Amino acid sequence: MKQKNFTIRLYNTLTKRKEPLHPRTEKVLHMYVCGLTPYDSMHIGHARTFTIFDAFRRFLEHLGWTVIHVQNWTDIDDKIIQRANEKGCSSSELAEDYIAEAMTDWQNLGLCPPHIMPRVTDHIPEIIQSIGELINGGYAYQADGDVYFSVARYQNEFGDYGDLSGQNLEEIQAGARVEPGEHKRNPIDFALWKRAKEGEPFWDSPWGRGRPGWHIECSVMSLKYLGHPIDLHGAAVELTFPHHENEKAQSQALVRVQPVVRHWMHCGVLNVAGDKMSKSLGNIIPLSEALKKSGPNDLRLLFLSTHYRSPLNYTDDLMAGARASVRRLSEALTQVLQVPSQPTKEEDTTSSKKSISLFQLGHQSTDLFYQALADDFNTAEALGYVFRMVGGILTTLALEREGLSPRQKEALLFLFGKIKSCLTVLGFDVDQMVTPPVIQDEMAQDLMTLLIELRQKLRAEKLFSLADWIRSSLGEKGIILEDGPEGTRWRRK
RNA sequence: GGCGCCGUAACCGAGAGGCACAGGUGCGGGAUUGCAAAUCCCGAUACCCGGGUUCGAAUCCCGGCGGCGCCUCCA
């Protein structure tokens, strides 16, 4: 698979079209993804966004690309300061705590760590230097300890402000506001440097004590680690304006390359039962909370079963559906693992034909799988092809109860390999799907085994009411027993 | 109000001129099962509305209606 040469087409927010992904060096993608502002726990909306970029990265890597993945921590900002004040700790303590927590969540979700995760507070000198350059270039001005970016001045020279978010200057102008205490020449100008108020954390700068504005950190850090033009810049759509529009203007003013980002990839937001997650609605679902009920595979399936640009409306039913889908995958894969030890029957014309069509199913579905991903990363369609292979396996196994021919066995194992490979490309943990559940506590594990054996003995004695009582009692504890031909297995509900 | 996205079965969700075989979840019937579960088979239900273009429209165009996002807090 590594030698496959696909043209990868991806919707570009800047041009509003699907375009071939053209990195500046062939098969090397410089990818910057806007990361978290660590002022609170990571929630499932973040998880969706990061899962999408994680899967996209794995897809490219699987095709033999090198992806240089940079994702920042915006570890100083107004929300962090406010939160730290509420909690009575310092901004950096607060940020570090949430960064540590997010890294754990990140791992639990099964995400590849980005190669570089720069913190804003580690880049203050670079940021100050860049702001200085913008002032020298005439793109920025000081006002009472603040430094603002002059959109009008930028627009004069580059003429593309508003292109990314699809707005013209008048429209932006109409909506622009000036906060009390700001000294902008023009309401659409935005802060590069904010003067520190009483009690706020600060860094010394040529313009006095303060901290970076919201957008400059991404310009500075993306350029520092990725150079330019940056091949792909990603985040959720809601960052398109103002964040990315402003970031793009600053970066272009800094390096005078247009476009400084070749491809903007934005994914849709996640809503909860129709509403945007917000503190006032109290409907924020922390990732750690979601991971208590569902495994990383379940969440990943949920996120990838909708096209990345569509909004995703999270509900418990939908989550349960995703969990059931993963169970179907596990079921099929687990069953194939038992194929080698199943009785073999003689090869004949029929079994040979059947195995050929299974091989075809595998080849064709895998092909379509990659094509779907190459066409604007359509994971929803791609997963459909995986499930076609799953159907092929389960149907064959159900139909050939009395035995499989050698070639049929081969074909099933071939499908297993294809499914595993496809799922791995998207970042699923296939090993976890085929691993029976374990109990960490050894004693508890022994008791469980004992209970199952006891129940088997009761069933052998036809003491079904007792056996059923054990099963339903365990059911109340969230443990489901399944009696199959190979014995009884258990799983968590 | 401006800009953008969207409307496909009970639900989720692909498809973008050529028969609605996507796929998943759920539901009904059957097989299997001591009974369940799991699995298999069969089944039901869908292209928001109205015009237009076309031999042919879910798909393209126009107009409605409805929903969502952004419009300086946002992943």
Side-chain angles (χ1 to χ4, degrees), chain A residues 13 16 33-37 39 42-53 71 77-79 82 162 165-168 170-172 174-179 187-191 213-215 234-243 245-246 266-271 274 276-279 301-302 305-307 309-313 315 317-329 331-332 334-335 368 372 378-388 390-391 394-399 401 459 462-465 467-468 471-472 475 480-485 488-491:
Chain A
T13 310
K16 293 165 184 57
V33 178
C34 281
L36 293 170
T37 301
Y39 69 102
M42 190 170 159
H43 59 61
I44 51 172
H46 302 127
R48 183 198 182 193
T49 300
F50 298 142
T51 299
I52 286 166
F53 287 102
Q71 183 165 320
D77 113 315
D78 294 358
K79 290 190 295 290
Q82 191 193 330
S165 53
Q167 308 175 88
N168 60 43
E170 294 77 64
E171 286 163 4
I172 296 170
R177 292 197 296 267
V178 179
E179 298 294 321
I188 59 176
D189 294 347
F190 52 90
W214 176 28
H215 319 295
V237 263
E238 59 192 352
L239 291 186
T240 310
F241 192 88
H243 183 55
E245 195 72 71
N246 291 347
H266 288 111
C267 53
V269 290
L270 181 144
N271 295 318
K276 186 154 187 166
M277 277 188 277
S278 71
K279 261 172 275 170
L301 192 121
L302 175 76
S305 61
T306 299
H307 187 95
R309 282 191 283 123
S310 301
L312 174 61
N313 190 22
T315 60
D317 281 355
L318 206 54
M319 189 66 246
R323 244 178 278 137
S325 302
V326 171
R327 209 184 307 137
R328 184 174 171 78
L329 291 170
E331 183 65 29
T334 308
Q335 285 199 27
L368 291 168
N378 195 335
T379 51
E381 188 188 346
L383 281 172
Y385 300 123
V386 173
F387 278 100
R388 282 193 192 180
V390 166
L394 289 172
T395 301
T396 304
L397 288 172
L399 256 40
R401 276 269 168 244
R459 290 176 66 212
K462 306 235 184 274
L463 293 169
F464 294 122
S465 65
D468 289 351
R471 185 171 60 198
S472 64
I480 292 174
L481 294 188
E482 295 176 348
D483 299 323
T488 299
R489 60 181 184 175
W490 70 274
R491 63 181 166 86

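Keep in mind that what you see is a predicted model, and the values were worked out from it rather than measured. Throughout, protein chains are lettered first and strands after them, A, B, ... in sequence-line order, and every chain is numbered starting at 1.
- Taking the nucleotide of RNA chain B with the nearest heavy atom to each of A:P242 and A:S165, the more 5' of the two is matched to A:S165.
- Of the candidates B:U39, B:G2, B:A75, B:A75 carries the atom nearest the A:L239 side chain, counting heavy atoms from C-beta on.
- Closest approach of A:S325 and A:L301 over heavy atoms only: CB-CD2, 3.5 Å.
- Among the nucleotides B:C70, B:C40, B:A75, the one closest to any side-chain atom of A:M277 is B:A75.
- A pairwise comparison of heavy atoms in A:M277 and A:G45 identifies CE-N, 3.5 Å as the closest pair.
- Rounded to whole Å, the distance from NE2 on A:H243 to P on B:C74 is 8 Å.
- Residues A:L383 and A:G268 both approach RNA chain B. Their nearest nucleotides, taken by heavy-atom distance, put A:L383 toward the 5′ side.
- Atom C1' of B:G13 sits at a distance of 13 Å from the matching atom of B:C6, rounded to the whole Å.
- When the C1' atom is used for both B:A22 and B:A46, the distance is 14 Å, rounded to whole Å.
- Here B:C74 presents its P atom at 13 Å from CZ of A:F190, a figure rounded to the nearest Å.
- Base pairing of B:C3: its partner is B:G69, meeting the Watson-Crick or G-U wobble criterion (both donor-acceptor distances under 3.5 Å).
- Taking the six-membered ring where tryptophan is involved, the planes of A:W214 and A:H243 are essentially parallel, since the angle between them stays under 30° and well short of 60°.
- Between the CZ atom of A:F464 and the C1' atom of B:A37 there is a distance of 15 Å, given to the nearest Å.
- B:U25 and B:G67 have their C1' atoms separated by 23 Å, given to the nearest Å.
- Taking CZ from A:R471 and OG1 from A:T488, the interatomic distance works out to 9.0 Å, rounded to the nearest 0.5 Å.
- Within 4.0 Å (heavy atoms only), A:G45 reaches at least one base atom of the nucleic acid.
- Residue-level contact check: A:L399 touches the backbone only, with heavy atoms under 4.0 Å from sugar-phosphate atoms and none from bases.
- Comparing B:A38, B:A36, B:C40 by their closest approach to the side chain of A:R491 singles out B:A38.
- Considering only side-chain N and O atoms, A:R328 lies under 4.0 angstrom from the phosphate OP1 or OP2 of B:G24.
- Using a 4.0 Å heavy-atom cutoff across all strands shown, A:E331 reaches sugar-phosphate atoms only and no base atom.
- Atom CZ of residue A:R491 and atom OG1 of residue A:T334 lie 11.0 Å apart, to the nearest 0.5 angstrom.
- In this structure, B:A38 makes no Watson-Crick or G-U wobble pair, since no nucleotide meets both defining distances under 3.5 angstrom.
- Within the 4.0 Å cut-off from OP1 or OP2 of B:C70, at least one side-chain nitrogen or oxygen of A:K276 is found.
- Using a 4.0 Å heavy-atom distance criterion, A:T37 is classed as a sugar-phosphate-only contact.
- Figure legend. B:C11 is base-paired to B:G24; pairs are counted as Watson-Crick or G-U wobble with both atom distances under 3.5 Å.
- When all heavy atoms of A:E245 and A:S165 are compared, the pair lying nearest together is OE1-OG, 2.6 Å.
- Residue A:G391 is classed as having no contact, given no heavy-atom separation below 4.0 Å to the nucleic acid.
- Closest to the A:E482 side chain, of the nucleotides B:C40, B:A37, B:A75, is B:A37.
- The salt bridge (Lys or Arg N to Asp or Glu O under 4.0 Å) test applied to A:K79 returns A:D77, not counting sequence neighbours.
- Taking atom P on both B:C41 and B:U8, the two are 28 Å apart, rounded to the nearest angstrom.
- Both thresholds, 5.5 Å between centres and 30° between ring planes, are not jointly met by A:F387 relative to the base of B:G23, so the two rings are not stacked.
- The side chain of A:E238 approaches B:A75 more closely than any other nucleotide in the set B:A75, B:A37, B:C41.
- With B:C40, B:C70, B:G23 as the candidates, the nucleotide lying closest to the side chain of A:F241 is B:C70.
- Whole-Å rounding puts the A:N271 CG to B:A75 P distance at 15 Å.
- Atom CZ in A:R489 sits roughly 8 Å away from atom P in B:U39 (whole-Å rounding).
- One interatomic measurement links the two molecules: NE2 of A:H215 to P of B:U72, which rounds to 11 Å at whole-angstrom precision.
- Base pairing annotation: B:C47 forms no Watson-Crick or G-U wobble pair, as no partner gives both donor-acceptor distances under 3.5 Å.
- Comparing the same atom, P, in B:G50 and in B:A16 gives a spacing of 25 Å after rounding to whole Å.
- Atoms CG and OG1, on A:L270 and A:T51 in that order, are 10.5 Å from each other to the nearest 0.5 Å.
- A:R459 places its CZ atom 9 Å from the C1' atom of B:C35, with the value rounded to the nearest Å.
- Taking atom C1' in both B:G15 and B:A58, one finds a spacing of 9 Å when rounded to whole Å.
- For the residue pair A:V390 and A:A332, the shortest heavy atom distance occurs at CG1-CB, 3.7 Å.
- Within the structure, a side-chain polar atom (N or O) of A:W214 is placed less than 4.0 Å from OP1 or OP2 of B:C74.
- Here the shortest heavy-atom pairing between A:Y385 and A:A372 reads CE1-CB, 4.2 Å.
- A distance of about 16 Å separates the C1' atoms of B:U54 and B:C62, rounded to the whole Å.
- For A:R471 against B:C35, a side-chain N or O and a base N or O form a donor-acceptor pair under 3.5 Å.
- Looking at heavy-atom distances under 4.0 Å, A:L397 makes no contact with the nucleic acid at all.
- When the C1' atom is compared between B:A14 and B:U59, the two are found 13 Å apart, to the nearest whole Å.
- Taking OG of A:S472 as the start and CG of A:L481 as the end, the distance is 10.0 Å to the nearest 0.5 Å.
- Taking atom CZ of residue A:R401 and atom C1' of nucleotide B:U32, one finds them 9 Å apart after rounding to whole Å.
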- Item | nucleotides 8-16 of chain B: protein proximity per nucleotide (B base, S sugar-phosphate only, - neither; heavy atom, under 4.0 Å) | ----SSSS-
